[in-house]
Protein chains: 2
Amino acid sequence: MGTVSRPAEDICSIQRTLDLIGDRWTLLILRDVFRGVRRFGQIHDDLGIARNLLAGRLSRLVDHGILERVQYQARPVRHEYRLTQKGRDLSPALIALMHWGDHWYAGDEPPTVLVHESCGSALDLVTTCPGCGEVVDPHQIRSRPGPGLRATSVPRQEHA
Amino acid sequence: MGTVSRPAEDICSIQRTLDLIGDRWTLLILRDVFRGVRRFGQIHDDLGIARNLLAGRLSRLVDHGILERVQYQARPVRHEYRLTQKGRDLSPALIALMHWGDHWYAGDEPPTVLVHESCGSALDLVTTCPGCGEVVDPHQIRSRPGPGLRATSVPRQEHA
DNA sequence: GCGAGTGAGTTTCGATATGCAACCGACTCG
DNA sequence: CGAGTCGGTTGCATATCGAAACTCACTCGC
């Protein structure tokens with residue numbers, strides 16, 4: 001029977017990603033930073049996260065180049081945490097999670113709407129196929145081993 | 001200074017979503033199910049998750065209608081876990097996380113490639129603005145309170 | 001029918017992570 | 001000077017996790 005033949009971390013970038021940001025707090029912290037909540041105390045107040053955990057998570061994010069600690073005033077020396085490009089690149093993931101929550105838990109009344117600055121309309125996140133240019137339904141997605149996986153027997157995988 | 005004025009759970013579907021699937025294992029389990037790894041033992045072998053935790057996560061996902069437990073044979077009664085529509089709708093989030101990991105940790109050699117079944121080319125996930133039809137850069141995204149948030153003073157929020 | 005084997009959990013228990021509160025150090029303001 | 005604020009760190013009780021053992025239902029070979 002076509003069972004999985006190798007540990008998952010070899011196959012999948014999802015694993016690596018979740019090892020880094022897949023705990024209960026990190027994505028919430030990043031969401032705050034995206035929203036402009038960038039300072040230690042603000043994030044703490046907003047999330048209710050324990051201060052020691054917040055300190056740990058922030059420094060881990062800084063270590064991994066997802067956030068950077070920037071001094072924004074000198075009188076009392078104060079820093080804030082800003083997204084790097086690497087951090088900003090997580091935006092699609094956050095948006096996807098938000099849309100899912102909106103759709104399944106907020107009905108037609110999303111608590112927050114994302115807006116395209118230049119045209120003012122609400123945003124959508126879609127999977128587009130660069131080959132045919134069409135929007136892709138999850139059922140039409142198949143996965144196969146890519147070049148980063150040394151070629152051994154990974155069974156055909158279904159998707160959905 | 002425009003600070004946050006209310007607890008985050010009121011504002012954001014990301015919070016609700018992460019409360020449900022934002023722990024270290026759940027998204028990995030879902031990824032397995034997406035890939036066709038649907039049975040208790042398979043998932044356990046693949047992820048190395050403790051059996052008690054796997055049992056707990058699976059039943060929570062079933063309780064919340066993300067997976068369903070389906071009997072697939074009767075001789076020895078055996079069940080497998082299948083995605084519901086609600087579960088399949090998480091696909092964009094998983095894809096976004098995977099792309100991020102590919103981009104930042106796999107260089108140009110992603111371990112797994114997603115393929116559009118009908119045309120065979122690798123997939124992309126982009127944020128498209130339904131208003132102007134253009135691909136949206138994260139810098140151009142702003143958020144504002146939506147209809148699901150009873151209107152009180154939520155400050156202007158920046159994004160990135 | 002009997003013993004071994006398998007899949008899917010559940011229980012137990014020590015290791016780890018979390019949450020809370022108190023403390024600290026730099027700085028500012030009255 | 002003394003109180004207040006910001007951004008943490010430390011200590012400790014508790015909650016959660018992980019590994020292994022155990023249970024239970026069922027099947028198979030004999």
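Naming: A, B, ... by sequence-line order, numbering from 1 per chain. Just so it is clear, the structure is predicted and the values come from calculations on it, not from any experiment.
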Would you mind reading off the distance between [X] atom [atom1] and [N] atom [atom2], rounded to a whole angstrom?
X       : N      : atom1 : atom2 : value
B/Leu67 : C/dA8  : CG    : P     : 14 Å
B/Tyr81 : C/dG7  : OH    : P     : 15 Å
A/Leu54 : C/dA17 : CG    : C1'   : 16 Å
B/Leu53 : C/dA15 : CG    : P     : 17 Å
B/Phe40 : C/dT6  : CZ    : P     : 17 Å
B/Asp23 : C/dA17 : CG    : P     : 15 Å
B/Gln42 : C/dG9  : CD    : P     : 13 Å
A/Leu28 : C/dG19 : CG    : P     : 11 Å

Problem set entry | Parallel, tilted or perpendicular, as decided by the 30° and 60° cut-offs, for the rings of B/His44 and B/Phe40 |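 Judged by the thresholds at 30° and 60°, the geometry between B/Phe40 and B/His44 is parallel.
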Exercise. Shortest non-hydrogen contact from A/Gly65 to A/Thr84?
Worked result: O-OG1, 2.6 Å
Exercise. How would you label the contact of B/His44 with the nucleic acid (heavy atoms, under 4.0 Å): base, sugar-phosphate, or nothing?
Worked result: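 Answer is nothing: B/His44 stays at 4.0 Å or more from every strand.
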Is it true that [X] and [Y] make a salt bridge, defined as a side-chain N closer than 4.0 Å to a carboxylate O?
X       : Y       : answer
B/Asp63 : B/Arg69 : no
B/Asp19 : A/Arg24 : no
B/Arg31 : B/Asp46 : yes

For this session: Verify, without hydrogens or angle tests, whether A/Gln140 (side chain) and A/Val136 (backbone) share a donor-acceptor contact under 3.5 angstrom.
Result: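 Here the side-chain-to-backbone pair does not exist.
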Problem set entry | Heavy-atom contact window of chain B on DNA chain D, given 5' to 3' at under 4.0 Å |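 Boundary nucleotides touching chain B, in 5' to 3' order, are D/dC17 to D/dT27.
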For this session: With sequence neighbours excluded, tell me which residues meet salt bridge (Lys or Arg N to Asp or Glu O under 4.0 Å) with A/Arg82.
Result: A/Glu80
When you compare the protein's N or O atoms with those of nucleotides 20-23 of chain C, which come within less than 3.5 Å of each other, and at what distance?
{"residue": "C/dC20", "atom": "N4", "partner": "A/Asn52", "partner atom": "ND2", "Å": "2.8"}

Exercise. In terms of the nearest nucleotide of DNA chain C, which residue is placed more toward the 5' end: B/His79 or A/Trp25?
Worked result: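 Upstream on the strand: B/His79.
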For this session: Would you kindly compare B/Gly56 and A/Arg24 by the position of their nearest DNA chain C nucleotide and give the one closer to the 5′ end?
Result: B/Gly56
Exercise. Side chains of B/Gln85 and B/Asp89: closer than 4.5 Å at any heavy-atom pair?
Worked result: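 Of all side-chain heavy-atom pairs linking B/Asp89 with B/Gln85, at least one is under 4.5 Å.
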For this session: In sequence, state the C-alpha distance, the side-chain angles, and the governing distance for A/Tyr72 and A/Arg38, and then conclude on side-chain hydrogen bond (donor to acceptor under 3.5 Å, both in side chains).
Result: CA-CA 11 Å; A/Tyr72 67 93; A/Arg38 295 191 238 267; over 6 Å; no
Please list each protein N or O that sits under 3.5 Å from an N or O in nucleotides 26-30 of chain C, with the distance.
{"residue": "C/dC27", "atom": "O3'", "partner": "A/Arg75", "partner atom": "O", "Å": "3.0"}
{"residue": "C/dT28", "atom": "OP1", "partner": "A/Arg75", "partner atom": "O", "Å": "2.9"}

Exercise. With A/Ser59, which residues qualify under side-chain contact (heavy atoms from CB on, under 4.5 Å), at least two apart?
Worked result: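 A/Ser59 satisfies side-chain contact (heavy atoms from CB on, under 4.5 Å) with no residue once adjacent residues are dropped.
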Problem set entry | Under the side-chain contact (heavy atoms from CB on, under 4.5 Å) test, residues paired with B/Ala50 that sit two or more places apart |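 Expected list: B/Asn52, B/Leu53.
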